[in-house]
Amino acid sequence: MMAPSYNAKEEDGHQPGATGHGGAGTMTNKKPDNTAFKQQRLPAWQPILTAGTVLPAFFVIGLIFIPIGVGLFVTSNNIKEFEIDYTGVDMSSPCYNCSQSYSWNNTQSCTCSVHFSLDQPFESNVFMYYGLSNFYQNHRRYVKSRDDSQLNGDKTSLQSPSKECEPYRSSDKPIAPCGAIANSLFNDTLELYYIDPNGSRTAIPLVKKGIAWWTDKHVKFRNPSGNNNLTVVFQGTSKPVNWRKPVFELDPLDSDNNGFINEDFIVWMRTAALPTFRKLYCIIQKKPNNMTPTLPRGEYILEVTYNYPVRSFDGRKRMILSTISWMGGKNPFLGIAYITVGSVCFCLGLVLLSIHYRYGKRNNSAEISS
Amino acid sequence: MEQIHWVRHCWQQLVATESGRGQYTAPAALPTKTSPVLHNTQGLTGKRRTVIARHGRHQHEYHSISKGCQGNGIRTTKYSLLSFIPMNLFQQFHRAANLYFLFLVMLNWFPVVEAFGKEITMIPLVVVLIVIAIKDALEDYRRYRFDQKVNNNIATVYSGKQQTYVDQRWQDVHVGDFVRLSCNEIIPADMLLLYSSDPHGVCYIETANLDGETNLKQRQVVRDLPQQGSELTPENFHSRIECESPNNDLSRFRGYMEYPSKARVGLHNDNLLLRSCTIRNTETVIGIVVYAGHETKAMKNNSGPRYKRSKLERRLNVDVLWSVVLLVIMCLTAAIGHGLWLRNLKEASFLIPDTTSPALSGFYLFWTMIIVLQVLIPISLYVSIEIVKLCQIFFIQNDVDFYNEYMDSRIQCRALNITEDLGQIQYVFSDKTGTLTENKMVFRRCTIAGVEYPHEENARRLEVYEEDEAMGCSHTLKSRASAKSLSCKSLSCNRSSVSLHTLTGHSEGEEPPSPTLPQQSAFSSPLEKDIVPDPFLVQKLNSLSSPLFLLKDASMELTYIVDFFMALAICNTVVVSSPNQPRHVVQVPEVSCTPLKSLEDIKMLFQRFGLPRFSTLSPPHTTESPRSFTRRLFSRGKAASFTPSPSPTPTKRGTGPDGEPNLEASILSIKPVSNPGEDGDRGYEEEGEHGSWKGEENKMLHLTLGACSGLGNSNGAQGPPGEPGADELIYEAESPDEAALVHAARAYRCTLQGRSLESLLVELPGMGSLAVRLLHILPFDSTRKRMSVVVRHPLTNQVVVYTKGADSVIMDLAESPKGAEQSDGRQGHIREQTQKHLDNYAREGLRTLCVAKKVLEEEEYEIWLKRHAFAETSIENREELLLESAQRLETNLTLLGATGIVDRLQEEVPETIEALQRAGVKVWVLTGDKQETAINIACACKLLRSTDQLLTANCGSKEACKALLLELRAEVERGEAAEGTSGFTLVVDGRTLDFALQEDLKGDFLELSRRCRAVVCCRSTPLQKSHVVKLVRDQLRVMTLAIGDGANDVSMIQVADVGIGISGQEGMQAVMSSDFAISRFKHLRKLLLVHGHWCYTRLANMILYFFYKNVMYVNLLFWYQFFCGFSGSVMTNSWVLIFFNLLFTSAPPLLYGILDKDVSADTLIKLPELYKSGQNSKAYLPSTFWLTMLDALYQSLVCFFIPYFANAGSDADMLTFGSPINASALLTILLHQVIESCTLTWLHVLVLVGSALFYFSFTLVFSVVCVTCSPPTNPLGVDKLQMSQPLFYGVCALTTVLALLPRFLFHALRNSISPSDTLKAALMDQLNPENYCRRMQRWNQTQAQSKARGLVINVEDLDFKIPDFILPKEL
């Protein structure tokens, strides 16, 4: 198939005048150019991997990786993390009742309070997550079931959402936001109270701002433009079936957090990679000009407005409190892995060293000995 | 401008289908693809074509008849503008790979299985289609331009309206047109020769464009034309031509011409002027076009490039099937997993409610997964392999070592996809003549009438030549090269007409042919020309002319000698030309030379020749008459006319001491040149514009005048010394043997001076020039193995048949008992002696030819003539009848003698063969020569060593053959058991080979030959050659290579896995059918040992790398399925996913396949043993494949699970999770290649770094720009965020290091503990020159020693060779 193109190459070498008749024309020289490239003599580095040559690499890797691993491990250990499962599987669990009376269309909300205590104070900003387990947000059909241009504020998509949203595309009016992801928005409300040693409950301020990525909040998700009044904008659309309130009323407190740019919604829409995941719920900011920790040691109450059903697929719901470092959340794995790989490399370097001394000499005299 | 033309042309193509322009159709499929109209005419006329003049009276008849004939315009383009897209698409979808892509695209259109965006799945397909379409369009455009150039060439065509010849473009020439051509013009279409300015109605054509043969071929005007002689007037041409329908047989043309008088005359190949040949030596010719355009034989002979499937590709296909199996397994796993997962799941809020059962969902998912994991089938591999092979061929083509300066030719790669097979050859089958040897036939010695003439001087001369040949020959060879280069070039154009390039060059008119250049013809280097006569034989010839010489018996021998040389001189098809007038054939002069001579001269001439000539007409005795004639002739006292000249140059005119011979010589010398002189006269008037010609002709005239004017001037007229003398004739022969014999005869002053259709001019010693009437030539063919001429003897006026041919045939024919008793005894003796000498010659390695003659009685001749004429005119079975007719004539021959021709080995043949044997390649020589000759050559080229045990197999029956084979095998087994013997060489002759190749014996034969180090098959026919190759190839399952130079090697070349043609002196058939064409045998060494090795290792490594790359990447997606409910999700943006294979990681492996170099060329040549790694497919064993797969599996596990654990339980979304996986996979894949590469040049660095940068910048830009694109996997912000986080780099670094660790370690350990030979050689490459030499020496010694222990190759031979290999390494 490629043949003629090769010919083209060959003929390029010929000069048109070369085709005189009976050899009467000028002699053309078909001698190939004696260049390094054409004669395949380009200067080249020839890496030959032998025990002797790879030795340094192993030691260097070992020496670099072990400190990094130690650093990562220490960093990870300094991160404080607290996790509590409030699904209510056990009879003893405070949310057991709520978890039993489940329905998406429940108008009556069920609340439960989970008591927990922190052994250590959380110093800097604390990130509060909700975690779901066995929830396959990465299911292919689920992932597809959204309309990015609708979420980007496109008016035509608002009125006629993408087919991918089926069957959550329209009820009688087009659904905004359409699709299964939006439809299954996590709708538990979590509130955190600190119980003073004296027994009084102090609500801990949970900041909802800044939990979504900046690009998502400002670029990817946008309310349909044209009118500041979202009610008008979303006229002619209906709320997702499982939602209790329409999209423009998601945050009754902050009018800038409504519509598609609601940060909880945005966070939910970023589908998690693995079936066990956590999502940022809010941030507990460090108290300014105060030496007391963000979350001091002591007793706390987690007030859950229990809406989100997970029992049907053996899901779990968790609340996670975590501080954060330069490497993100707590994760001892990476540090251990680095240390392990580093040590393995170092040991292999030692093995190779011995091999080098055993075989290296012999190789050099291989031809003589035989 | 060109483009616009092309567009217009395409449009015209589309609109004007009736334009009379030929449509291109593939040559192979022509019968079925020709237009239906043509079919009809074929049906009517029974596969014949009728042609009548286009501008005659029968206009309407012409139109009806020639409706089905194509115009002369050619179109080799495949597409027109509008048909390009549909046709190109149609053709592309014939490829399985593209169909697979298409299937995937279609699959993606089903919503239930859709994996990612429809448009994204189309990308690979679209990219491949577009790339190939662009390439096709460019090629097509190039072809179009060639076509245009050719079609717009100008030819002089007779116009009916203007009643004269007008210039027309080639494309406007039609069947039935009259075309007038001048000398050196190219023939625009296949034409029937109707008129030639030559008085004998002859014209010469050069077919170099067609078959590469540079010698002139004679063509003849149709016999018995009504207006014979005068220039043809097209209006009066009313004959009707019936001929066969267009076909591709260049050497056959049959038909007849029916005159208005209803008389018919047969037409054959001699009457046909073939398109793209060149008219030579003839002023003007006129012909009528019978085939035009694509129906011409030249176009029909155009076949495209050859396609073979290489061994590596066959292996690759197996592994692709394994990939398919793997894919199916993975998809099934996912499908089953998905079904089970769904069944255990109830009412999950993340499930989209539908009614499909889990099982059905599983089924859908199977197809989804096929789309997701499509990359596992390395479709891009096929495209990549083709690109890599093209580049490999580019490098082979550009290797300066394959450049032959004499011929100005490079290696030609005709097959484009078997480069790596060169690295796996296990058996080489070589032709002998022209392949191992030079095919420069040099007359060495002869035997006449049972007496041997050893030609010692000649032998000495040959030895001397061997040394300074390079210098001595360079001039002649150079000039020959110009002719050769033409043919080589014409071959390079595979698709379009062979002639196109030449034509293009012509039409540009840059270089009008300048006849002033000394143009030497083939087979006439000084080596071949200058033969030193044997003094004894010269003496005999001299004594012939001495008056004292009267002994009857001895004179009997003399007749033999004269006849012998006469036969050598005339029994051939050699064309004579003179160097001053290149390509102008010296013809037999007509009587009209006389005007320049004085009356005195004429009188002398008559006195000398007239008397004997007419006086010897009467006696009809066979043997008596020449003798009596010579006696009478030579008794006139012209002894001095012949002086044996010890100088290597042929005897020059006027060397004799006394005046008489001088005079004679000068008179005679007029004759050869006088006719051209006349031509020159005409040339003055008609071709005034050829300025350069004028001077030449002037000189010729001057010469002629000078020569004729008298005695004293003859020497002076020769011109300045150094300029070739006027009598220096150039012989152009079809085969080198012929030329050698004519030159030999010439050394004995038996000179062929000219040739015309009806007579030959021969100068005999002491007798001067004689015109010999040529009655018939029965040309050589391989069934008869001989050729004959029938002449009327100039002296006896008898009809004499001279035959020369292979000794076996002639000996048999000469054996048949003759009527006369006295001659029987003598003949018997001669035969006996000759046979003895022949055996000696063969032992010496000479090629032998026997020469015989026969005198025909007039009646006998009449009878034969009648039947021969019938055979010649018959249309059906003409060949068979002619053969039979020839056989009838060539009986009861009188053996005259035999010649021994030496054919020297090419340079470096022994070294090459030795290198091949050291490389573990078995070399077989298949030759048509005699056993002794073959063995001799085998010894000379070191195929056969003195220590080898020679096994010869000659037997007459199958049973004997079987017994012999078993016996030989037992002997070999005994020999193998015993220490000391080094090897066996089997020599088989043709007859035994016939038995051995039979079904029940071939096993034994193979078993025997397998144990032999070399096999020589002698006396083998072309068919046997191919059978042997086929047998070995199929039964032993080995890679075979056949190399040859002649037409008899074609079948062998085609059968072998790799066919190599040597573009030598025997035309171009072998080259045309070969995969690679080289000019010398020695090139085989570098071609196999270096390029073969490189191509194989490169390609094998690249293929493995491709598999690795795909498996590694695809498995990442597969592991993810375990964490997404087997739902077919991907954690990567789908564009990145598609581009990953298509863009980010495609260039490095290509470079790897093109440039990687495990060992330097120097070392590969010096250590042929390294070749064995390719032979044993070391680089690509099934185990290597599976190891690579395993490594890929491991790497993908690492690449997936380290990011997995790093992200487990975190808030990472899918793309954030995929980002480090992708990045580390990319780094791993690229660095993996660095580990695998043997060499890294700046190009590698550029491409590797470029690929990585490309990936990162692409994802980065994509993550910034892409707001709502690629819906399910919108990457906005992901990679930007990731790349700003240190953890990302931490994960990538750890993953990459851990993934590459095992391979890195494996390489280091293997290379340290048990390094392969290749690696040792590579290590050697890194040493400094001094150490390198020392190490090389040691290597060779150890190799030799281990060989000696293994009883494979003798030690001594290698030990001697070692110093040769230790050359100072170039710095």
Side-chain angles (χ1 to χ4, degrees), chain A residues 2-7 10 16-17 19-25 27 30-32 34 38 40 42 44-46 49-51 54 136 138-144 148-149 152 180 184 213 215 220 270-274 276 278-280 312-313 327-329 333-334 337-338 341 355 359 367 370, chain B residues 135 139 278 305 345-350 352 386 390 395 398 400 403 408 410 416 482-483 492 494-495 501-502 505 508 510-511 513-514 517 1123-1125 1127-1129 1205-1206 1209-1214 1217 1239-1241 1268 1271-1272 1274 1276-1277 1287 1294 1298 1307-1308 1311-1313 1322 1338-1339 1342:
Chain A
M2 292 285 195
S5 73
Y6 138 71
N7 279 338
E10 188 200 41
T19 45
H21 307 118
M27 290 268 296
K30 288 207 276 180
K31 187 169 184 168
N34 199 353
K38 283 193 176 175
Q40 307 192 57
L42 281 180
W45 177 52
Q46 258 186 300
L49 306 175
T50 58
V54 300
Y136 285 82
N138 56 13
H139 188 277
R140 181 173 56 91
R141 294 183 62 193
Y142 180 81
V143 169
K144 273 202 313 189
D148 276 343
S149 48
N152 196 235
S184 60
W213 292 7
T215 42
K220 193 172 172 180
R270 195 157 273 285
T271 50
L274 299 169
T276 301
R278 62 175 71 162
K279 279 183 183 293
L280 195 53
S312 60
F313 54 91
M327 59 168 282
F333 166 78
L334 216 53
Y338 258 98
V341 172
I355 286 172
Y359 293 95
E367 283 80 29
S370 68
Chain B
K135 186 190 62 89
E139 273 163 21
T278 315
L345 214 62
K346 302 150 293 229
E347 283 191 74
S349 49
F350 52 85
I352 287 155
E386 283 189 26
L390 278 183
F395 280 124
N398 272 294
V400 82
Y403 175 70
D408 190 36
R410 308 180 183 189
L416 306 166
S482 59
S492 67
N494 288 328
R495 221 55 185 115
H501 299 276
T502 333
E508 280 167 10
E510 288 177 4
E511 288 291 333
S514 63
L517 264 175
F1123 303 96
C1124 68
S1127 61
S1129 280
F1205 285 117
S1210 77
D1211 59 346
D1213 65 301
M1214 290 169 76
F1217 176 66
T1239 46
L1240 293 170
T1241 64
T1268 55
N1274 181 297
L1276 188 78
L1287 198 68
L1294 179 71
L1298 191 60
H1307 273 280
N1311 293 348
S1312 297
I1313 293 171
R1338 273 186 216 135
W1339 176 299
T1342 46

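Letters A, B, ... are given to chains in the order of the sequence lines, protein chains preceding strands, and every chain is numbered from 1.
- The line from CG of A/Leu274 to CG of B/Asp1211 is 11.5 Å long, rounded to the nearest 0.5 Å.
- Looking at every heavy atom in both residues, B/Phe395 comes nearest to A/Lys38 through CD2-O, 3.5 Å.
- The two residues A/Ala51 and B/Ser1312 come nearest to each other via the heavy atoms N-OG, 2.6 Å.
- When the candidates B/Ala1206, B/Ala1322, B/Gly1125 are compared by the number of heavy-atom contacts under 4.5 Å with chain A, B/Ala1206 comes out ahead.
- Atom CZ in B/Phe1123 sits 10.0 Å away from atom OG1 in A/Thr276 (nearest 0.5 Å).
- Considering all non-hydrogen atoms of both residues, A/Lys220 and B/Leu1276 come closest at CB-CD2, 3.5 Å.
- Among B/Thr1241, B/Leu345, B/Leu1240, the residue making the largest number of heavy-atom pairs under 4.5 Å with chain A is B/Leu1240.
- The greatest number of non-hydrogen atom pairs below 4.5 Å with chain B, out of A/Trp45, A/Tyr136, A/Trp213, is found for A/Tyr136.
- Between A/Asp148 and B/Thr1268, the shortest heavy-atom distance links the atoms O-CG2, 3.8 Å.
- The CD1 atom of B/Ile1313 lies 4.5 Å from the OH atom of A/Tyr359; values are rounded to the nearest 0.5 Å.
- In this structure, A/Tyr142 and B/Phe350 have perpendicular ring planes: the angle between them is above 60°, well past the 30° mark.
- Looking at B/Thr1239, the atoms closer than 4.5 Å to chain A (heavy atoms on both sides) sit in the backbone and in the side chain alike.
- The choice from A/Met327, A/Gln40, A/Lys144 that makes the most heavy-atom pairs within less than 4.5 Å of chain B is A/Gln40.
- Most heavy-atom pairs under 4.5 Å with chain A, from the set B/Gly1277, B/Pro1272, B/Ser1210: that is B/Ser1210.
- Comparing A/Asn34, A/Leu280, A/Thr271 by how many heavy-atom pairs each has under 4.5 Å with chain B, the most go to A/Thr271.
- Considering all non-hydrogen atoms of both residues, A/Val143 and B/Met1214 come closest at CG2-SD, 3.6 Å.
- A/Arg141 approaches B/Ile352 most closely through the heavy-atom pair O-CD1, 3.1 Å.
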